[in-house]
Every structure is written in C-alpha cells, then in structure tokens.
Amino acid sequence: MDRAGLSFDQRVQAAVALVPRGRLATYGQIAELIGAYGCARQVGWALRRLPLPSAVPWHRVVNAQGRISMSPGREGSDWMQIELLRAEGIPVQADGRLPLRRYLWSPEFPLVDACSISA
DNA sequence: TAGGTGACGGACC
DNA sequence: CGGTCCGCCACCT
C-alpha cells in the first residue's frame, strides 16, 4: 500500500488504464510510471493476477523487445492478446512480433501546472 | 530457508 | 537479427 492506499496491483492497473486504444506500452514503462523503476517483472506478475475479462487494457502492454510475451503459463491469454491488438489496428505477426516503435505510447505530463511559481 | 521459476530488460557476441 | 548471460524480485515449493 502506498500513501494513497493503493496496492502495487492497483497502481499497475491505474497506469495501464492510461494507455490509449491502438497504442502500446512496455512492462518497464508501466513500472517506471508508478515509481517502481526496474520492476518490470513485477508488472508482469500483476497483470497475470488480473481476472479476465477485464476493463483494464492489459493487452496493450508488451515487452521492450517489441513482442508479445508468449508463455504456456498464460493459458492462452497471450493468443488472446494478439487478437485484441489486431482488433485495434496493430499488425501482430503470428510469432507475436509487432512494430513497437510505431505504436509506443508516451505518457503526457503537464509542462507547467497551475500552481507553479513563475518568475 | 534455499533454490527454482518467470507476461522483464539491458549488455554482449 | 538471434542466442546467452546476468541482475532483478515476487512466488512457490
């Protein structure tokens, strides 16, 4: 639990929810976004715990190599991920590879907030 | 408690 | 581009 009372899983879900339809994010990117730099692996575990189907766009999270993380342990959710991404217009090859550079999402932070002190 | 296993990532060859 | 190694850390024996 963090100061806002959110568990690690909840923070991951909140971050993933920010990824727009038709765009992609990496596990490491989500980790960094929630202040857990270097904890990409745990992000994977958090998504593994996600009950499906889910309103959280978990399918938009792929690995930094630009491929769907395929694994028997996912019991088919990896293949489901390929279908969901294709449905959003992202070309995914049969082996899980995809053009990450073209669809990678970049979180937008306000350059100046309303309370900043200006000179 | 120690050791193996990942929905990872980056360095190297 | 592909294959290996290693650091990482939560889970599960």
Side-chain angles (χ1 to χ4, degrees):
Chain A
M1 300 287 220
D2 64 5
R3 209 160 17 167
L6 295 176
S7 67
F8 181 83
D9 283 15
Q10 293 175 315
R11 282 185 291 155
V12 167
Q13 290 169 31
V16 174
L18 298 176
V19 185
R21 176 188 172 75
R23 316 244 11 224
L24 302 168
T26 67
Y27 296 95
Q29 191 175 18
I30 296 301
E32 185 172 8
L33 198 55
I34 65 176
Y37 177 79
C39 299
R41 236 169 169 147
Q42 284 81 299
V43 170
W45 274 99
L47 294 184
R48 184 183 71 68
R49 284 188 285 269
L50 205 56
L52 303 181
S54 170
V56 178
W58 56 273
H59 56 285
R60 308 212 261 243
V61 184
V62 301
N63 63 37
Q65 285 65 51
R67 25 172 66 244
I68 303 287
S69 289
M70 308 292 283
S71 172
R74 296 185 58 173
E75 303 178 334
S77 74
D78 40 10
W79 287 88
M80 193 184 311
Q81 181 170 16
I82 293 177
E83 294 311 309
L84 290 172
L85 289 179
R86 284 176 173 165
E88 296 190 353
I90 298 178
V92 187
Q93 296 177 43
D95 64 355
R97 293 212 253 205
L98 41 79
L100 178 61
R101 319 305 282 291
R102 307 215 207 293
Y103 297 89
L104 187 60
W105 167 68
S106 293
E108 293 175 19
F109 294 104
L111 297 179
V112 183
D113 71 41
C115 300
S116 64
I117 300 174
S118 54

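For clarity, every value in this text was computed on a predicted model and none was experimentally measured. Protein chains get the first letters and strands the later ones, always in sequence-line order, with residue 1 at the start of each.
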**Complete:** When rounded to the nearest 0.5 Å, the distance separating CH2 of Trp105(A) from CG of Leu100(A) is 13.5 Å
Quick one: side chains of residues 12-27 of chain A, donor-acceptor pairs under 3.5 Å with protein atoms, not counting sequence neighbours, listed by atom name and distance.
from     : atom 1 : to        : atom 2 : distance (Å)
Arg23(A) : NH2    : Leu104(A) : O      : 2.6
Thr26(A) : OG1    : Gln29(A)  : N      : 3.0

**Asked** OP1 or OP2 of dA7(B) sitting under 4.0 Å from any side-chain N/O of Ser77(A)?
**Response** no
**Item:** Separation between CZ of Arg11(A) and CD1 of Ile34(A), rounded to the nearest 0.5 Å
**Value:** 5.0 Å
**Message:** Can you list everything that forms a side-chain hydrogen bond (donor to acceptor under 3.5 Å, both in side chains) with Ser54(A)? Sequence neighbours excluded, please.
**Reply:** none
**Prompt:** Rounded to whole angstroms, how far apart are CE on Met70(A) and P on dA7(B)?
**Reply:** 12 Å
**Fill in**
Residue pairs passing the salt bridge (charged side-chain N to carboxylate O under 4.0 Å, His left out) test with at least one member in residues 32-50 of chain A, sequence neighbours excluded, are Asp9(A)-Arg49(A)
**Message:** Without decimals, in angstroms, what is the distance between Gln65(A) CD and dC8(B) P?
**Reply:** 8 Å
**Most 5' of Arg48(A) and Arg67(A) on DNA chain C, judged by nearest nucleotide** = Arg67(A)
**Fill in**
So side chain to side chain donor-acceptor pair (under 3.5 Å) across residues 73-84 of chain A, not counting sequence neighbours, yields Arg74(A)-Ser77(A), Arg74(A)-Gln81(A), Glu83(A)-Arg86(A)
**Item:** Apart from Tyr37(A) itself, residues in the same hydrophobic cluster as defined by side-chain heavy atoms under 4.5 Å
**Value:** none
**Request:** Answer whether the closest heavy-atom distance between the side chains of Pro107(A) and Leu33(A) falls below 4.5 Å.
**Result:** yes
**Item:** Whole-Å distance separating the OH atom of Tyr37(A) from the C1' atom of dG9(B)
**Value:** 9 Å
**Request:** Strictly below 4.0 Å, heavy-atom distances to any atom of DNA chain B: list the hits from residues 82-106 of chain A, or just say none.
**Result:** none
Side-chain donor-acceptor contacts of residues 62-70 of chain A below 3.5 Å, not counting sequence neighbours, with atom names and distances?
from     : atom 1 : to       : atom 2 : distance (Å)
Asn63(A) : OD1    : Gln65(A) : N      : 3.0
Asn63(A) : OD1    : Gly66(A) : N      : 3.3
Asn63(A) : OD1    : Arg67(A) : N      : 3.1
Asn63(A) : ND2    : Arg67(A) : O      : 3.1
Asn63(A) : ND2    : Ser69(A) : OG     : 3.1

Table of protein N/O atoms under 3.5 Å from nucleotides 11-13 of chain B N/O atoms:
none

Sort me out a list of protein N/O and nucleotides 5-9 of chain C N/O pairs below 3.5 Å, or just none if empty.
from   : atom 1 : to       : atom 2 : distance (Å)
dC8(C) : O2     : Arg41(A) : NH1    : 3.4
dC8(C) : N3     : Arg41(A) : NH1    : 3.4
dC9(C) : O4'    : Gln42(A) : NE2    : 3.1
dC9(C) : O3'    : Gln42(A) : NE2    : 3.2

**Item:** Phosphate contact (dG6(B) OP1 or OP2) by Ser71(A) side-chain N/O below 4.0 Å
**Value:** no
**Message:** Show me the pairs that pass salt bridge (charged side-chain N to carboxylate O under 4.0 Å, His left out) and involve residues 50-64 of chain A, at least two apart or across chains.
**Reply:** Arg60(A)-Glu88(A)
**Prompt:** Any side-chain heavy atom of Glu108(A) sitting closer than 4.5 Å to one from Ser106(A)?
**Reply:** no
**Message:** A side-chain contact here means heavy atoms from C-beta on lying under 4.5 Å apart; do Trp58(A) and Pro53(A) qualify?
**Reply:** no
**Between P of dA7(B) and CZ of Phe8(A), the distance in whole Å** = 15 Å
**Item:** Nearest-Å distance for atom pair CD/P, residues Glu75(A) and dA7(B)
**Value:** 11 Å
**Request:** Quick one: list whatever passes side chain to side chain contact (heavy atoms under 4.5 Å, CB included) with Ala55(A), sequence neighbours left out.
**Result:** none
**Prompt:** For DNA chain B, what residues of residues 26-34 of chain A have any heavy atom nearer than 4.0 Å?
**Reply:** Thr26(A), Tyr27(A), Gly28(A)
